[in-house]
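When a residue number appears, it is its place in the shown sequence, counting from 1.
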Amino acid sequence: VAQLERALATRVRVEQAIGIISERRRVPPRESFALLRTVARADGTRVAELAARVVESAVNPLLILPEELARPPRPPRVRGRSPRHARVSE
């Protein structure tokens with residue numbers, strides 16, 4: 001029974017990590033799992049361990065994740081008039 005409970009808890013953690021990666025990267029869940037699995041293999045860690053780190057990073061933004069799973073940098077904001085306020089040439 002304890003083994004089944006651990007397996008279910010691990011499954012939930014992996015699903016949460018997939019959701020977090022999907023939201024951060026704006027990719028479908030299937031692609032998020034493939035990315036999670038690829039990074040885990042490259043790092044030599046288990047998918048469940050990496051998933052736990054991803055979930056923890058949602059609470060603690062100072063936690064360092066592999067670059068492939070970290071939140072992508074935001075593009076710089078363009079300053080100036082918004083298109084809504086631009087003057088229309090007559």
Side-chain angles (χ1 to χ4, degrees):
V1 175
Q3 185 179 3
L4 180 59
E5 288 175 351
R6 268 196 316 275
L8 289 174
T10 299
R11 169 79 183 209
V12 168
R13 197 172 308 117
V14 170
E15 292 294 331
Q16 288 172 336
I18 289 170
I20 291 167
I21 295 168
S22 292
E23 183 270 330
R24 287 180 179 172
R25 292 285 174 179
R26 303 213 188 295
V27 295
R30 193 173 292 230
E31 190 174 328
S32 296
F33 178 72
L35 182 61
L36 185 68
R37 185 182 62 221
T38 301
V39 172
R41 285 181 179 170
D43 285 353
T45 60
R46 305 184 88 198
V47 171
E49 293 170 7
L50 186 56
R53 287 176 43 205
V54 170
V55 171
E56 182 64 28
S57 75
V59 178
N60 180 359
L62 300 177
L63 187 67
I64 297 173
L65 289 175
E67 186 177 325
E68 300 88 354
L69 299 178
R71 189 178 301 274
R74 290 185 177 179
R77 293 182 65 189
V78 178
R79 296 289 183 185
R81 289 188 161 277
S82 71
R84 202 170 57 175
H85 295 103
R87 293 182 184 225
V88 179
S89 303
E90 293 182 41

Please step through side-chain contact (heavy atoms from CB on, under 4.5 Å) for the pair I21 and F33, ending with a clear verdict. CA-CA 8 Å; I21 295 168; F33 178 72; over 6 Å; no
Quick check for you: to the nearest 0.5 Å, what is the distance between [X] atom [atom1] and [Y] atom [atom2]?
X: I20; Y: S32; atom1: CD1; atom2: OG; answer: 10.5 Å
X: I64; Y: L69; atom1: CD1; atom2: CG; answer: 13.5 Å
X: R25; Y: E68; atom1: CZ; atom2: CD; answer: 8.0 Å
X: L50; Y: D43; atom1: CG; atom2: CG; answer: 6.5 Å

Nearest atoms (heavy-atom pairs only) where L65 meets S57: CD1-OG, 3.3 Å
Is there a donor in the side chain of S22 and an acceptor in the side chain of R30, or the other way round, less than 3.5 Å apart?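 Their side chains do not contain a donor-acceptor pair, so the 3.5 Å distance test is not met.
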Verdict with reasoning, R46 to T10, per side chain to side chain donor-acceptor pair (under 3.5 Å): CA-CA 11 Å; R46 305 184 88 198; T10 299; over 6 Å; no
Applying side-chain contact (heavy atoms from CB on, under 4.5 Å) to L35 and E31, what does each step give before you reach the verdict? CA-CA 6 Å; L35 182 61; E31 190 174 328; 5.8 Å; no
Salt bridge (charged side-chain N to carboxylate O under 4.0 Å, His left out) between E49 and R53: does it pass, once the steps are laid out? CA-CA 7 Å; E49 293 170 7; R53 287 176 43 205; over 6 Å; no
Looking at L8, I want to see if its CG is surrounded by more than 12 non-hydrogen atoms of other residues, nucleotides or ligands under 6.0 Å. yes
